[in-house]
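A quick write-up on the structure given underneath.
For the single chain, residues carry numbers from 1 onward in sequence order. First listed ligand is number 1; within each ligand, the first listed atom is number 1.
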Amino acid sequence: MSDSEEEESPDRQLKLVVLGDGTTGKTSLATRFAQETFGKQYKQTIGLDFFLKRIILPGNLNVTLQVWDVGGQTIGGKMLDKYIYGAQGILLVYDITNGQSFENLEDWYNAVKKVNEESETQPLVALVGNKIDLEHMRTVKADKHQRFCQENNFSSHFVSAKTGDSVFLCFQRIAADILGIKLNKAELEQSQRVVKADIVNYGQEPVTRTVNPPRSSMCAVQ
Ligand SMILES: Nc1nc2c(ncn2[C@@H]2O[C@H](COP(=O)(O)OP(=O)(O)OP(=O)(O)O)[C@@H](O)[C@H]2O)c(=O)[nH]1
């Protein structure tokens with residue numbers, strides 16, 4: 001197939017539904033991914049928000065991701081089933097500093113299972129621990145997260161909508177998994193472009209740190 005023919009191939013569309021308790025950061029994740037922004041102010045999602053983002057997967061495959069950001073208050077409501085229906089991917093989001101938000105994912109997952117009970121194809125489900133910038137306040141242990149993934153065959157993700165850490169990677173991996181595309185190491189690293197790193201001056205540290213506080217810097221991994 002020539003290049004021009006490849007360019008003309010229509011986009012694949014994937015419906016991804018983001019579920020989880022209120023304030024876990026679903027809207028923040030969606031806006032970080034789709035608009036590359038982050039708002040500190042909490043604004044509750046009433047019902048549903050909707051985002052579109054086009055990404056390119058290996059093989060020059062254009063994929064448009066429809067991200068359905070479902071308000072945390074919709075659990076138990078009439079509309080939830082309709083939002084979930086037809087999703088190829090589900091993101092179950094919790095806040096790593098909020099144990100209850102992790103426990104409640106059971107209910108969210110039950111809603112997903114109910115909608116797909118009679119369906120031949122099952123959506124890919126991703127477990128997403130958000131707010132890893134607050135690692136020092138973590139209450140949900142990583143092994144609990146991993147166990148939940150293994151028991152249910154979820155893919156596993158840790159992200160921060162605030163810093164953007166691993167957000168693009170998360171959506172890219174989910175899209176690739178749904179389409180059965182394998183990402184190689186270089187492609188995975190490419191989406192991890194910005195990595196935070198502390199500068200450590202071994203042997204040159206002043207005795208009192210208060211005089212010269214530790215610095216941090218960004219480095220690019222290409
Ligand atoms: N520190 C930190 N705060 C975050 C992060 N993601 C979201 N927040 C904050 O958490 C609060 C809730 O974020 P939202 O994205 O509105 O949460 P939501 O899950 O969409 O909430 P509902 O609309 O009620 O379902 C906001 O104040 C965000 O700024 C993160 O990665 N780190």
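- For Asp81, the side chain to side chain donor-acceptor pair (under 3.5 Å) test picks out Lys114, with sequence neighbours left out.
- In summary, the atoms of ligand 1 found under 4.0 Å from a heavy atom of Lys162, numbered by their order in the structure, are 1 (N), 2 (C), 30 (C), 31 (O), 32 (N).
- Among the atoms of Lys131, some N or O lies under 3.5 angstrom from an N or O of ligand 1.
- Taking only nitrogen or oxygen atoms, main chain and side chain alike, Gly39 reaches within less than 3.5 Å of ligand 1.
- In this structure, the protein non-hydrogen atom closest to atom 7 (C) of ligand 1 is Ser28 OG, 3.2 Å.
- Here the side chain of Asn130 pairs a donor or acceptor atom with the backbone of Ala161 at under 3.5 angstrom.
- Residue-to-ligand polar distances place Lys40 within reach of ligand 1: an N/O pair is separated by less than 3.5 Å.
- Close contacts of ligand 1 with Asp21, meaning ligand atoms under 4.0 Å from a residue heavy atom, involve 19 (O).
- In this view, Leu52 and Phe50, Thr64, Gln66 satisfy the side chain to side chain contact (heavy atoms under 4.5 Å, CB included) rule, not counting sequence neighbours.
- Contacts with ligand 1 closer than 4.0 Å are made by heavy atoms of both the backbone and the side chain of Thr45.
- Considering backbone and side-chain atoms alike, Ala161 places an N or O below 3.5 Å from some N or O of ligand 1.
- Contact annotation for Ile132 and ligand 1: no heavy atom of the residue comes within less than 4.0 Å of the ligand.
- Counting atoms of ligand 1 from 1 in the listed order, those under 4.0 Å from a heavy atom of Asn130 are 5 (C), 6 (N), 31 (O).
- The distance from ligand 1 to the heavy atoms of Gln44 drops below 4.0 Å at these ligand atoms: 23 (O), 24 (O).
- The shortest N or O to N or O distance between Val70 and ligand 1 is not under 3.5 Å.
- Using modelled atom types and a 3.5 Å distance limit, the side chains of Thr24 and Ser101 yield no donor-acceptor pair.
- In terms of polar-atom proximity, Asp69 is not counted as a contact of ligand 1, lacking any N or O under 3.5 Å from an N or O of the ligand.
- Given atom 18 (P) of ligand 1, the protein heavy atom at minimum distance is Lys26 N, 3.5 Å.
- Taking distance alone, with nitrogen or oxygen atoms compared against 3.5 Å, Thr27 approaches ligand 1 more closely than that limit.
- Only the side chain of Leu134 comes within contact range of ligand 1, with a heavy atom under 4.0 Å; no backbone atom does.
- Side-chain contact between His157 and Ser166 is absent, with no heavy atoms from C-beta onward closer than 4.5 Å.
- Below 30°, between 30° and 60°, or above 60°: for Tyr83 and Trp68 the angle between ring planes is between 30° and 60°, a tilted geometry.
- Residue Ile75 is grouped with residue Leu127 when hydrophobic side chains (ILVMFWY) are merged at heavy-atom distances under 4.5 angstrom, including chains of intermediate members.
- In terms of protein heavy-atom proximity, atom 1 (N) of ligand 1 is closest to Asp133 OD2, 2.8 Å.
- Both the sub-6.0 Å distance and the 45° axial angle are not jointly satisfied by Lys53 relative to the ring of Phe171.
- Assignment of Leu29 to the shell around ligand 1 is not supported, since no heavy atom sits closer than 4.0 Å.
- At the shortest separation from atom 24 (O) of ligand 1 among protein heavy atoms lies Tyr42 OH, 2.4 Å.
- Ile90 and Val67 are members of different hydrophobic clusters when ILVMFWY side chains are connected at heavy-atom separations under 4.5 Å.
- For a threshold of 3.5 Å applied to N or O pairs, the pair formed by Gly25 and ligand 1 contains at least one separation below that value.
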